[in-house]
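One structure below.
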Amino acid sequence: MQRICQDMTNSTDIFSLEDTLSAFFDCVTKGNQTVSAEPFLQAMISVFHGQTTTLVIPFSLDDESTAQVIAKLKEHLTPYCPDTLQLLNMPLTYLLDELICNIQQHAQADKGYVYLTYNQVAKTIEILIADFGITIYGSYVAAQKHLDKLGDSDAEALNLAQNGYSVKNLPDTENRGYGISSNMKMVVDGLHGEFAVLSGNALMLDVPNKRAILALPPEIDFKGTMIMVRIPAQVPDGFNLYKYMS
Amino acid sequence: MKQIINIQEQYGAELHTRQMMERLAASLVPTNEYLLDMSGVAQISRSAADELYNLTHSDMHVDLINLEPFVEKMLSAVTKGRFLPRQHSAGDMPIIHCATIGSLQRQLMAK
């Protein structure tokens, strides 16, 4: 399937996250691999890989690995956009911290995967963070939280997550559950980027002019969670990270 | 006499995880008093800051000094998070049901 995906992508014609996702879904359906998690991730990586320089890091979920993986990702970017990276260092670290922490706290996975690309044509940083865990829906069910709102829908689970509903609700854990909601706002509103989450049978898309959750056809069911982020390597004037921290 | 611990020297300039702060907490002796010198720690995750909040509001005698601006802001954010009810200001997103791959592709390509 990896070959199919590579054949289908072309570095010159993919400029948005929607294009990437469209190529990805084409790839997984034509490759006849719509059930197990690993081919899904391979397909997404292949779609990205068709474009530019790449870096994939599987990581275990202990604290040393987290620090190492974040340092490695930033090191990888340095030659491509050293000036921008200086400006993007804090929001990028904030983003990676929160998303990796989400996997540690909620996914019940034994490892995560981070993939990073600097797209030299579009001049964007593209990040994919994935796990083969219990999905966002599964994490609400495992915690027995918000079941009244959740129903049996991955799409409703994504809706709760983007609206900041935590799987925890205890005084000593009240600062959990910001990961997706705060990062989406920072990426899309603050950095003028794009943000998508694929979890189970649903895809959440927050890109310019489109903010929606797509309940996917039944044959597509990713056993895990993938977060895809695309950030212009140019920090907008007036961007203030602190605005997105509270 | 308070014991000063230089956090950057022991844990680095970026504090990423809860576990890192839990290791710090486990290394402290409950009867001693500590000043955690945060100079040079430029970045802290919300999770690590949350654990640091737990530590400084526990029975341990721990205070923080020399906070860098980002760390100060993050600690302020997690402190507020303890007292303010969670806001769900993003609102609901529309959920669009795509029964087929074709309808999914049309949704992705719609401008």
Side-chain angles (χ1 to χ4, degrees), chain A residues 18-19 21-22 25-26 29 62-64 66-67 70-71 89-90 93-94 96-98 100-101 104-105 153 155-156 158-159 162-166 169 171-179 181-182 184-185 202-206 209-220 241-242 245-246, chain B residues 11-23 42-54 57-58 69-70 72-111:
Chain A
E18 290 153 294
D19 292 335
L21 286 163
S22 178
F25 285 119
D26 249 6
T29 48
D62 58 82
D63 55 347
E64 281 179 23
T66 304
I70 290 175
N89 182 43
M90 282 199 160
T93 308
Y94 176 74
L96 294 168
D97 267 335
E98 298 268 327
I100 290 173
C101 175
Q104 291 170 325
Q105 303 275 316
S153 161
E156 289 293 353
L158 286 180
N159 193 27
Q162 66 84 24
N163 212 353
Y165 283 90
S166 173
N169 192 22
D172 66 346
T173 59
E174 194 53 39
N175 283 294
R176 299 183 189 198
Y178 281 89
S181 58
S182 68
M184 261 174 62
K185 274 186 206 155
L203 172 74
M204 178 162 64
L205 201 55
D206 197 352
N209 305 319
K210 197 178 292 176
R211 194 165 182 272
I213 296 167
L214 306 181
L216 301 174
E219 62 266 35
I220 298 180
L241 171 61
Y242 299 142
M245 284 166 48
S246 55
Chain B
Y11 297 93
E14 296 183 353
L15 307 179
H16 295 292
T17 62
R18 285 184 190 277
Q19 296 101 306
M20 198 181 262
M21 295 297 92
E22 284 166 356
R23 270 197 289 136
Q43 186 106 12
I44 186 169
S45 71
R46 188 185 302 275
S47 302
D50 200 39
E51 288 304 321
L52 209 49
Y53 176 96
N54 287 340
H57 290 77
S58 67
F70 182 88
E72 192 166 15
K73 292 275 187 190
M74 185 59 92
L75 282 166
S76 164
V78 300
T79 303
K80 279 184 198 159
R82 297 300 178 108
F83 298 105
L84 295 175
R86 179 64 63 85
Q87 302 293 312
H88 303 294
S89 55
D92 284 339
M93 267 192 178
I95 295 176
I96 300 166
H97 293 270
C98 303
T100 63
I101 296 292
S103 63
L104 168 63
Q105 291 289 14
R106 280 193 293 279
Q107 286 296 335
L108 287 172
M109 290 296 103
K111 299 294 175 196

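These numbers come from the heavy atoms of this one structure, side chains and all, not from hydrogens, waters or symmetry mates. Throughout, a chain's letter reflects where its sequence line sits, starting with A, and its residues are numbered from 1.
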Which atoms of [X] are under 4.5 Å from chain B, going by heavy atoms: the side chain, the backbone, both sets, or neither?
X	result
A:N159	side chain
A:L205	both
A:L158	neither
A:L241	side chain

Measure the [atom1]-[atom2] distance between [X] and [Y] for me, rounded to the nearest 0.5 Å.
X	Y	atom1	atom2	value
B:R46	A:Y94	CZ	OH	4.0 Å
A:L96	B:H16	CG	NE2	9.0 Å
B:I44	A:T93	CD1	OG1	13.0 Å
B:I95	A:M204	CD1	CE	10.5 Å

Give me the atom names and distance for the closest heavy-atom approach of [X] to [Y].
X	Y	answer
A:A215	B:H97	CB-ND1, 3.5 Å
B:Q105	A:S22	OE1-OG, 2.5 Å
B:L104	A:P217	CD2-CD, 4.1 Å

Before you tell me yes or no, could you show the steps for B:I101 and A:I220 under side-chain contact (heavy atoms from CB on, under 4.5 Å), namely the whole-Å CA-CA distance, both residues' side-chain angles and the distance that decides it to 0.1 Å?
CA-CA 9 Å; B:I101 296 292; A:I220 298 180; 3.3 Å; yes
Check whether any side-chain heavy atom of B:S47 lies under 4.5 Å from a side-chain heavy atom of A:D97, and answer yes or no.
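No, their side chains stay 4.5 Å or more apart.
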Would you say A:D19 and B:M109 make side-chain contact, with heavy atoms under 4.5 Å?
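Side-chain contact under 4.5 Å: yes.
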What part of B:Q107 gets within 4.5 angstrom of chain A, counting heavy atoms only: side chain, backbone, both, or neither?
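Contact with chain A involves both backbone and side-chain atoms of B:Q107.
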B:K73: which residues meet the side chain to side chain contact (heavy atoms under 4.5 Å, CB included) condition with it, sequence neighbours left out?
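For B:K73, the residues satisfying side chain to side chain contact (heavy atoms under 4.5 Å, CB included) (neighbours in sequence not counted) are A:Y242, A:M245.
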How would you list, by chain and number, every residue that makes a ring pair (Phe, Tyr, Trp, His ring centres under 6.0 Å) with B:H57, sequence neighbours excluded?
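Scan of B:H57 (ring pair (Phe, Tyr, Trp, His ring centres under 6.0 Å), adjacent residues dropped) gives B:Y53.
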Mark yes or no for whether B:E14, through its side chain, and A:A67, through its backbone, hold a donor-acceptor pair below 3.5 Å.
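Checked: no pair found.
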